[in-house]
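To keep things clear, I will list the structure first and then write my remarks on it.
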Amino acid sequence: MIVVSVSAEHLSQALREIFPDPADVALLLREDGAYIARSHLLEGVLGKKVPDDRSFLQDRAIRHGFYDVVAPVDGVERYYAWRRVPDRPLVVSLGLSKSAAMATVRDSVRSSGLYNLLTTVALLLAALWITRLFLLKSRQTAALAEARERLDFALQGADSVPGTGTA
């Protein structure tokens, strides 16, 4: 049997190289939720455990899962994914900053809102223009009908005038 001892700081440094952004975090935990290593703020968690409400502490038969929570260590809201290490009493958990992960979605929603506003304005202007054209056509049709009536009346009056040969 060979026993190897690796410092928590060394493990944390290795995790920090994978997740250099302090808003993202990687955790190595014992099966009971005690911290072994954390990519950032290790000194704030050594000798402590994650809160008891974490799903991997509730049911040891579950092999992996997800949760989102505001980390009590640094107050950053993150999406977490976790997995038990096969044949070892360890849990690996990775947390991505919710604000960073959702930044693309927020930008997309913002830009689509602007696009929708511009499209709505264009459609309203088109509807107003079509309404204007419809009203102009209606007025022209009414004026044409009135002119026809006057012309018919004038023609009927001309037919009844003596000496025109039609009466």
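Since the structure is predicted, the reported quantities are computational estimates derived from the model, not experimental observations. Both backbone and side-chain heavy atoms feed into the values below; hydrogens, waters and symmetry mates do not.
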What about V50 and Y67, same hydrophobic cluster or not, with Ile/Leu/Val/Met/Phe/Trp/Tyr joined at side-chain heavy-atom distances under 4.5 Å? yes
Salt bridge (charged side-chain N to carboxylate O under 4.0 Å, His left out): which pairs involve residues 53-66, sequence neighbours left out? none
Co-members of I130 in a cluster of I, L, V, M, F, W and Y side chains, linked at under 4.5 Å: none
List in chain and number order the residues that pass salt bridge (charged side-chain N to carboxylate O under 4.0 Å, His left out) with R30, two or more places apart in sequence or in another chain; answer none if no residue qualifies. D32
Note: with side-chain heavy atoms under 4.5 Å as the link, the other cluster members for L114 come out as L118
Which heavy atom of L90 sits nearest to which heavy atom of I36, and what is that distance? CD2-CD1, 3.3 Å
Could you tell me if the side chain of K137 sits less than 4.5 Å from the side chain of T141, heavy atoms only? yes
To which residues is L155 joined in a hydrophobic cluster, defined by side-chain heavy-atom contacts under 4.5 Å among Ile, Leu, Val, Met, Phe, Trp and Tyr, whether direct or through other members? L151
Quick one: pull up OG1 in T131 and CG in L136 and give me the separation to the nearest 0.5 Å. 11.0 Å
Step-by-step side-chain contact (heavy atoms from CB on, under 4.5 Å) determination, V70 to V76: CA-CA 5 Å; V70 175; V76 176; over 6 Å; no
Side-chain heavy atoms nearer than 4.5 Å, only ILVMFWY residues, links allowed to pass through others: does that put V92 and L46 together? no
Residues passing the salt bridge (charged side-chain N to carboxylate O under 4.0 Å, His left out) test with K98, sequence neighbours excluded, are D68, E77
Spatial distance of atom CZ (R83) from atom CG (L94) [nearest 0.5 Å]: 10.5 Å
For R110, enumerate each residue passing the salt bridge (charged side-chain N to carboxylate O under 4.0 Å, His left out) test, keeping only those at least two apart in sequence or located in another chain. D107
When rounded to the nearest 0.5 angstrom, what distance separates CG in L29 from CZ in R84? 10.5 Å
Does H10 have any side-chain contact (heavy atoms from CB on, under 4.5 Å) partners at least two apart in sequence or in another chain, and if so, which? V6, S7
Are the side chains of E43 and L41 in contact, using a 4.5 Å heavy-atom criterion? yes
Are L28 and L42 co-members of a hydrophobic cluster defined by side-chain heavy atoms under 4.5 Å apart? no
Of all pairs that satisfy salt bridge (charged side-chain N to carboxylate O under 4.0 Å, His left out), the ones with a partner from residues 138-155, not counting sequence neighbours: E146-R150
Joining Ile, Leu, Val, Met, Phe, Trp and Tyr whenever any side-chain heavy atoms lie under 4.5 Å apart, the cluster holding F134 also takes in none
Please answer: with hydrophobic residues joined when any side-chain heavy atoms are less than 4.5 Å apart, are I62 and Y79 in the same cluster? no
Listed pairs under 3.5 Å, donor-acceptor, residues 11-24 side chains, sequence neighbours left out:
{"unit_1": "S12", "atom_1": "OG", "unit_2": "A8", "atom_2": "O", "d": "3.0"}
{"unit_1": "S12", "atom_1": "OG", "unit_2": "R38", "atom_2": "N", "d": "3.2"}
{"unit_1": "S12", "atom_1": "OG", "unit_2": "R38", "atom_2": "O", "d": "2.9"}
{"unit_1": "Q13", "atom_1": "OE1", "unit_2": "R16", "atom_2": "NE", "d": "3.4"}
{"unit_1": "Q13", "atom_1": "OE1", "unit_2": "R16", "atom_2": "NH2", "d": "2.8"}
{"unit_1": "R16", "atom_1": "NH1", "unit_2": "S39", "atom_2": "O", "d": "2.7"}
{"unit_1": "R16", "atom_1": "NH2", "unit_2": "E9", "atom_2": "OE2", "d": "3.0"}
{"unit_1": "D21", "atom_1": "OD1", "unit_2": "A23", "atom_2": "N", "d": "3.0"}
{"unit_1": "D24", "atom_1": "OD1", "unit_2": "S97", "atom_2": "N", "d": "2.8"}

Pairs involving residues 25-57, ordered by first then second residue, that meet ring-ring contact (aromatic ring centres under 6.0 Å, His included) (sequence neighbours left out): F56-W82
Rounded to the nearest 0.5 Å, how far apart are NE2 of H64 and OG of S93? 13.5 Å
Are L96 and M102 connected into the same hydrophobic cluster when the rule is that any two of I, L, V, M, F, W, Y join if their side-chain heavy atoms are below 4.5 Å apart? no
Give the intermediate values and the outcome of side-chain contact (heavy atoms from CB on, under 4.5 Å) for residues R78 and V69. CA-CA 6 Å; R78 294 185 180 95; V69 69; over 6 Å; no
